[in-house]
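Here's the structure, in structure tokens; my notes come after.
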Amino acid sequence: MDPAIAVELSKFPDNDSVPFRAVTKHFHSTWAHTFHSIPELYIQPKTLPEIEKVVTLARRCRRRITTVGCGHSPSSITSTSSWMVNLDHYNQILEVDKESGLVRMQSGIRLYQLSEELDRVGLAMPNLGSINDQSIAGAISTGTHGSTLRHGILSASVLSLKITLANGKTETCGKGENEELFRAALISLGALGVLSEITFQAVPAFTLSWSQVVNSDRLMFDAWNKQLWTQSEFVRVWWFPYTKRAVVWAADKTEQKPQPPPKSYYDAWLGYHVYHNLLYLAQFVPRTLPWIEWFVFGMQYGFANGSRTTAIQPSREALLMNCLYKQFVNEWALPLGKGPEALRRLSSWLNHSTPEDPDYVPHDIPFSADGLYVHAPVEVRVTDSSTTTPRPHLDFTCPDEPTLYLNATLYRPYNMDPPCRARYYQGFEFLMKELGGKPHWAKNFDVYGKEIEDMYREDLGEWRKLRDEVDPEGMFVGEWHRQIIMGDGKRLPLEEVEVMRERARGGGVLVKGVVGAAVEWEGELSTTISEDSFEHLRESEITVKG
């Protein structure tokens with residue numbers, strides 16, 4: 001540890017009673033092993049006073065803070081060479097009201113832990129995404145969602161929260177209380193402070209009876225504006241471009257006893273490794289991918305149209321899916337009615353369709369698909385956040401109608417980047433932007449500054465204004481934030497600037513950054529500033545008012 005940090009640490013009057021749980025030489029990787037970084041300190045607080053101490057110490061020592069959970073986002077949003085705070089040990093349920101369903105919790109609790117704790121008292125989360133490894137703070141901060149027209153994104157169930165700001169003070173905000181801070185913090189992207197406590201609206205525990213049916217995608221398109229998304233409370237689709245088939249999964253609440261799904265070749269050891277090695281082979285012979293799609297997903301879902309699988313499971317199990325392998329994920333939100341056009345155009349592009357093809361539509365994607373072979377399927381999901389209030393400033397869902405999500409996943413067999421990635425995502429993103437889409441914050445996308453500003457307009461301006469008020473020196477800002485949402489303004493004194501990228505052993509990219517590099521700032525900048533830093537940070541001492 002830097003001796004200057006130890007000196008600052010010794011000045012805390014509560015140093016003996018409030019620990020500083022930090023280690024060095026921690027190697028951080030995203031779950032997908034797409035990005036890696038080596039933080040100066042890796043800190044795991046267990047109490048709110050410890051979190052406040054970490055933030056105050058970082059301010060005195062002129063460091064940036066990045067908060068991370070499971071690192072499931074495949075982007076560089078959590079990469080840092082400064083201080084990384086992990087809240088895995090700050091994960092307790094603080095209060096539960098079984099009658100009202102209100103649950104107050106520490107923000108580091110993982111969704112699977114939360115679901116298990118709620119189940120013990122007869123409660124459940126009203127909705128879940130495809131995975132439950134994320135912390136509740138990470139899921140809220142990036143706009144995590146499930147697939148149902150009867151619910152919005154996960155943050156729609158948050159009633160209030162506490163956030164520790166750059167001044168070391170913890171603020172409470174919620175519906176009707178400090179509401180502008182609440183709207184900014186609900187999807188904060190880690191750039192406002194450390195979410196420390198969350199009050200959430202749970203529901204009575206429920207069981208889901210589900211079925212999934214394989215059929216031609218033409219039937220899916222025919223049902224799109226009829227019963228496809230309204231047939232059940234929870235509906236999601238996996239679309240396979242090369243075989244032009246779709247798996248429709250639908251689930252409703254039931255009082256029946258659980259009945260586990262049949263054992264799956266796909267999820268078992270043999271199927272897992274067969275598929276993994278076929279994907280690895282396709283790295284060198286990409287033209288095999290259409291055949292792999294036909295074989296692997298035929299083994300999983302059935303080769304014949306009309307194949308059906310059913311099960312009855314607790315919601316915390318039924319709503320999840322197996323992500324299988326490390327992967328890139330490029331997901332966009334767009335109006336629900338644009339779905340058939342988006343998928344048909346994508347199909348025409350990938351399949352090189354001609355006017356003689358009965359499913360042909362002009363794709364108008366100005367990039368060649370010659371020699372391009374991609375992984376399947378495309379995950380298709382929906383939510384409806386049009387009635388959610390207050391609405392987060394950075395909410396990517398449609399404000400006036402239901403939202404469709406198209407998720408173009410590319411696997412990384414044995415941590416190898418697929419050769420199709422650049423061109424596939426180039427064409428996919430062109431199509432999504434033309435149809436009025438917005439990228440999911442937690443995924444891989446190549447949309448920056450001006451384009452993001454055009455998508456969010458006044459909402460982004462309001463978010464930036466609030467962010468600058470609560471963190472004027474940029475203690476929670478990194479290169480990802482600057483490139484995506486911070487705009488072309490001056491670099492902030494504690495903003496971390498990326499200075500190098502290099503290939504990492506085992507795949508992915510190692511990112512290195514420096515705090516305060518290339519910053520125009522009146523006054524001396526140093527990594528060893530002591531009490532004088534409080535004078536630098538008078539603005540940071542302002543508590544945000546409603």
Side-chain angles (χ1 to χ4, degrees), residues 1-24 26 39-68 80-90 106-108 137 161-173 178 181 185 188 190-197 466-478 492-496 515-516 519 521 523-545:
M1 185 185 297
D2 186 336
I5 299 174
V7 170
E8 291 297 339
L9 193 58
S10 69
K11 297 176 182 178
F12 281 83
D14 58 6
N15 204 36
D16 293 331
S17 59
V18 180
F20 180 64
R21 307 175 196 272
V23 298
T24 58
H26 176 80
E40 178 188 16
L41 293 180
Y42 183 72
I43 308 161
Q44 292 188 296
K46 293 184 178 181
T47 66
L48 181 56
E50 289 182 45
I51 294 173
E52 293 173 336
K53 182 175 183 175
V54 168
V55 173
T56 299
L57 184 63
R59 188 180 69 231
R60 295 184 186 183
C61 295
R62 318 303 289 155
R63 298 302 201 268
R64 178 209 173 192
I65 288 178
T66 300
T67 309
V68 66
T80 184
S81 298
S82 192
W83 290 8
M84 179 173 287
V85 174
N86 171 267
L87 300 179
D88 279 353
H89 299 317
Y90 186 70
Q106 294 174 333
S107 60
L161 55 82
K162 290 184 178 180
I163 181 169
T164 303
L165 303 176
N167 58 13
K169 298 177 182 178
T170 300
E171 293 290 334
T172 299
C173 56
N178 230 344
L181 177 60
S188 69
L192 266 68
V194 180
L195 293 189
S196 51
E197 196 174 292
L466 194 288
R467 203 225 67 80
D468 290 345
E469 288 176 5
V470 300
D471 180 25
E473 291 201 300
M475 180 188 288
F476 299 99
V477 176
L492 301 171
L494 298 184
E495 178 178 339
E496 185 170 3
V515 173
V519 175
W521 177 250
E524 181 181 347
L525 285 179
S526 169
T527 58
T528 58
I529 290 177
S530 59
E531 295 295 340
D532 292 340
S533 66
F534 286 104
E535 294 302 314
H536 259 316
L537 294 160
R538 283 174 295 185
E539 284 184 279
S540 299
E541 299 295 347
I542 298 172
T543 299
V544 177
K545 302 298 182 184

Does some side-chain heavy atom of His89 sit less than 4.5 Å from a side-chain heavy atom of Arg21?
no

Is there side-chain contact between Pro493 and Arg62, with at least one heavy-atom pair below 4.5 Å?
yes

How far does CG of Leu41 sit from CE of Met84, to the nearest 0.5 angstrom?
11.5 Å

With salt bridge (charged side-chain N to carboxylate O under 4.0 Å, His left out) as the criterion, how do Lys53 and Glu50 come out once you've worked through the C-alpha distance, each side chain's angles and the decisive distance to 0.1 Å?
CA-CA 5 Å; Lys53 182 175 183 175; Glu50 289 182 45; over 6 Å; no

Could you walk me through whether Val85 and Val68 satisfy the side-chain contact (heavy atoms from CB on, under 4.5 Å) test, starting with their C-alpha distance in whole Å, then the side-chain angles of each, then the deciding distance to 0.1 Å, before giving a yes or no?
CA-CA 6 Å; Val85 174; Val68 66; over 6 Å; no

Does one side chain, of Thr164 or Thr170, offer a donor that lies under 3.5 Å from an acceptor on the other?
yes

Is there a side-chain contact (heavy atoms from CB on, under 4.5 Å) between Ser82 and Ile65 once you walk through the steps?
CA-CA 7 Å; Ser82 192; Ile65 288 178; over 6 Å; no

State, with a plain yes or no, whether a side-chain heavy atom of Pro45 is found less than 4.5 Å away from one of Leu87.
yes

Between Glu52 and Val18, is any pair of side-chain heavy atoms under 4.5 Å apart?
no

Straight-line distance of Asp471 CG to Leu494 CG, nearest 0.5 Å
7.5 Å

Students often mix this up, so state it plainly: with edges at 30° and 60°, are the rings of Phe20 and Trp83 parallel, tilted or perpendicular?
tilted

I'd like to know if the side chain of Arg64 and the backbone of Thr80 have a donor-acceptor N/O pair within less than 3.5 Å.
no

Main chain of Val7, side chain of Ser10: is a donor-acceptor contact present, judged purely on distance under 3.5 Å?
yes

Less than 4.5 Å apart, any side-chain heavy atom of Thr172 and any of Asn178?
no

Taking every non-hydrogen atom, the tightest pair across Ala166 and Val55:
O-CG1, 3.7 Å

Please examine the side chains of Asn86 and Ile43, heavy atoms only from C-beta on, and report whether any two atoms are closer than 4.5 Å.
no

Do side-chain atoms of Arg59 reach the backbone of Asn167 as a donor and acceptor pair under 3.5 angstrom?
yes

Test side-chain contact (heavy atoms from CB on, under 4.5 Å) applied to Val470 and Ile163, step by step
CA-CA 10 Å; Val470 300; Ile163 181 169; over 6 Å; no

Check against side-chain contact (heavy atoms from CB on, under 4.5 Å), Ile51 and Tyr90
CA-CA 9 Å; Ile51 294 173; Tyr90 186 70; 3.8 Å; yes

Just by distance, do the side chain of Ser107 and the backbone of Leu195 share a donor-acceptor pair under 3.5 Å?
yes

On a heavy-atom basis, the closest approach of Leu192 and Ala185 is CD2-N, 3.9 Å

Looking at every heavy atom in both Asp88 and Gln44, which two are closest together, and how far apart are they?
CB-NE2, 4.3 Å

Nearest non-hydrogen partners of Pro39 and His26, listed with the distance:
CD-O, 3.2 Å

Asp2 and Arg63, any side-chain heavy atoms less than 4.5 Å apart
yes

Restricting to non-hydrogen atoms, name the atom on Phe476 and the atom on Leu165 that form the minimum distance, rounded to 0.1 Å.
CE1-C, 4.3 Å

Can a donor-acceptor pair be found, under 3.5 Å and without considering hydrogens, that links the side chain of Ser196 to the backbone of Lys162?
yes

